[in-house]
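These notes are about the structure you will find just below.
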Amino acid sequence: MNIYVLLKQVPGTSNVKMDEETGTMIRTEHQNVINPLDENALAEAIRVKSVMSEVKVTAISMGPPHAKKALREAIALGADEAVLLSHRGFSGSDTLATSKALARALAQAAGGELGENDLVLCGERATDGETGQVGPMVSGVLDVPVVTYVRKIVYEDGCIVAERIVEDGLERVKTPLPAVITVVKDMNQPGFPTLSGKLRAKAVEIPVLTPDELDICSCDVGLQGSPTRVAKVFRPRLSRDTIMYQQDSAGTAVDNLVSFLEMREII
Ligand SMILES: Cc1cc2nc3c(=O)[nH]c(=O)nc-3n(C[C@H](O)[C@H](O)C(O)COP(=O)(O)OP(=O)(O)OC[C@H]3O[C@@H](n4cnc5c(N)ncnc54)[C@H](O)[C@@H]3O)c2cc1C
């Protein structure tokens, strides 16, 4: 079985900076981490590998060159291989362009197209873009089933039985493979890197693929392949007027407050 984990390097949550000119995110090397839910996806892949034979775990990321650091961490945590999609042609990709590139990388890693022994795990959403679109879009591009908001999976008769969190409880879904599963944090508690994992991560060669190497048209990725346009990025300015009612009795203060709310047509 091949398990592919889509893994995004994101800034620490309080550290998202936007380029107000282009409306894209400024991605620098500082304080970047593996998207937390992708750590859950990776931990699940490693758990499956520990209980089943012949499982290979490959982490795939698209991002700037320093995203290699996140992939090395994935190797240290137990992934077997890692691939980075990185090139100027990918920059500015929205969720559609990102999904097309990742889907192409998945198909290529699987030798042409995903087969019935292939599972794709990813986080339900990333902490920076937070759209939650990439998993379902990758499945759409690949034309394979997707199960979202998953907190548990069991491998049964060549299928995956997934327990997903829905508004009013839990839902159990059975899907054939190949499939894309997006995971939530209840899935597991991610582990820690081992010493042998760290040593392997240091030595391992991480291939870096360009649009040409993926055989994907430059018109499908980057700003050119992105139908989303960020019209304006700005920091909202919050201003508040404070009115203090400091009457002698609580009753008078309440009367004044009620009059104010009536005047504003709030009550
Ligand atoms: C503040 C902000 C707002 C944005 N708004 C939009 C918008 O409105 N529309 C739009 O199209 N784009 C938007 N983007 C761009 C968006 O971040 C990227 O297109 C993108 O790579 C994925 O979107 P996401 O972060 O929303 O991923 P999500 O869909 O939230 O991520 C879900 C999962 O998909 C996988 N994944 C996502 N991206 C990658 C990757 N690069 N490599 C590997 N795995 C990945 C991970 O497993 C992740 O957990 C925005 C970015 C930022 C920072």
Side-chain angles (χ1 to χ4, degrees), residues 3-20 22-28 32-45 57-71 73-74 79 82-87 89-106 109 119-142 146-150 180-185 187 190 206 208-209 214 220-236:
I3 306 183
Y4 301 99
V5 180
L6 300 182
L7 190 146
K8 187 179 184 188
Q9 194 188 42
V10 296
T13 40
S14 57
N15 198 30
V16 177
K17 293 201 178 81
M18 301 296 291
D19 182 329
E20 298 201 0
T22 61
T24 56
M25 201 178 107
I26 301 166
R27 294 176 191 274
T28 56
N32 287 318
V33 294
I34 296 179
N35 179 48
L37 291 181
D38 301 355
E39 286 194 301
N40 294 102
L42 179 64
E44 185 58 16
V57 177
T58 306
I60 302 181
S61 189
M62 178 169 122
H66 56 73
K68 254 191 191 179
K69 184 168 166 267
L71 290 173
E73 274 174 55
V83 178
L84 175 64
L85 317 187
S86 191
H87 186 262
F90 291 125
S91 59
S93 292
D94 68 2
T95 48
L96 181 63
T98 302
S99 303
K100 282 183 180 171
L102 291 172
R104 187 75 210 106
L106 284 163
L119 171 65
V120 181
L121 293 176
C122 65
E124 188 271 311
R125 62 184 57 230
T127 50
D128 54 357
E130 265 220 306
T131 64
Q133 293 172 0
V134 170
M137 273 187 182
V138 165
S139 86
V141 177
L142 292 170
V146 60
V147 188
T148 53
Y149 297 98
V150 172
V180 177
I181 305 269
T182 81
V183 315
V184 295
K185 77 170 172 21
M187 189 93 188
I206 296 181
V208 181
L209 302 180
L214 278 182
D220 277 334
V221 290
L223 280 176
Q224 223 188 324
S226 299
T228 310
R229 287 285 166 268
V230 178
K232 193 175 175 193
V233 179
F234 60 97
R235 198 174 285 274

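For ligands, and for the atoms within them, numbers begin at 1 and follow the listed sequence. Fair warning: this is a prediction, and the values are worked out from it, not measured in the lab.
- Near Leu7, meaning under 4.0 Å from any of its heavy atoms, are these atoms of ligand 1: 42 (N), 43 (C), 44 (N).
- For the pair Leu102 and ligand 1, the shortest N or O to N or O distance does not fall below 3.5 Å.
- Pairing each heavy atom of Gln9 with each of Lys69, the nearest pair is NE2-CB, 4.1 Å.
- Counting heavy atoms from C-beta outward, Val184 and Asn40 have side chains that stay 4.5 Å or more apart.
- The Ser61 neighbourhood of ligand 1 comprises atoms 42 (N), 43 (C), with distances under 4.0 Å to a heavy atom of that residue.
- Considering backbone and side-chain atoms alike, Ala126 places an N or O below 3.5 Å from some N or O of ligand 1.
- Residue Lys185 comes nearest to Leu37 through the heavy atom pair N-CD2, 3.4 Å, listed as atom of the first residue, atom of the second, then distance.
- Close contacts of ligand 1 with Gly132, meaning ligand atoms under 4.0 Å from a residue heavy atom, involve 28 (P), 29 (O), 30 (O).
- Here the shortest heavy-atom pairing between Val180 and Ser139 reads CG2-CB, 3.7 Å.
- In this structure a side-chain-to-backbone donor-acceptor pair under 3.5 Å is present from Asp38 to Gly123.
- When all heavy atoms of Lys100 and Asp220 are compared, the closest pair comes out as NZ-OD1, 3.4 Å.
- Those atoms of ligand 1 that come under 4.0 Å of a heavy atom in Gln133, given as number and element, are 29 (O).
- At a 3.5 angstrom cut-off on N or O pairs, Gly123 counts as close to ligand 1.
- Under a 4.0 Å criterion applied to the non-hydrogen atoms of Cys122, ligand 1 contributes the atoms 47 (O).
- Checked by distance only, ligand 1 and Met62 come closer than 3.5 Å through their nitrogen or oxygen atoms.
- Applying the 4.0 Å criterion to heavy atoms of Leu6 picks out, from ligand 1, the atoms 44 (N), 46 (C), 47 (O).
- The Ser93 neighbourhood of ligand 1 comprises atoms 18 (C), 19 (O), with distances under 4.0 Å to a heavy atom of that residue.
- Heavy-atom minimum distance, Asn35 versus Val10: CA-CG2, 3.6 Å.
- Here the closest heavy-atom approach between residue Ala105 and residue Ile60 is recorded as CB-CG2, 4.2 Å.
- Residue-to-ligand polar distances place Val134 within reach of ligand 1: an N/O pair is separated by less than 3.5 Å.
- Side-chain contact between Leu96 and Ser226 is absent, with no heavy-atom pair separated by less than 4.5 Å.
- Taking 4.0 Å as the cut-off between side-chain N and carboxylate O, Asp128 and Lys8 count as a salt-bridged pair.
- The shortest N or O to N or O distance between Thr98 and ligand 1 is under 3.5 Å.
- Proximity of a side-chain donor or acceptor of Ser86 to a complementary backbone N or O of Gly63 within less than 3.5 Å is detected.
- Listed by atom number, the atoms of ligand 1 under 4.0 Å from Ile60 heavy atoms are 43 (C).
- Contact annotation for Thr228 and ligand 1: only side-chain heavy atoms (C-beta onward) come within less than 4.0 Å of the ligand.
- Among Glu39, Lys8, Arg229, Glu130, the residue whose heavy atom sits closest to atom 39 (C) of ligand 1 is Lys8.
- Contacts between Asp94 and ligand 1, counted as non-hydrogen atom pairs separated by less than 4.0 Å, involve both the backbone and the side chain.
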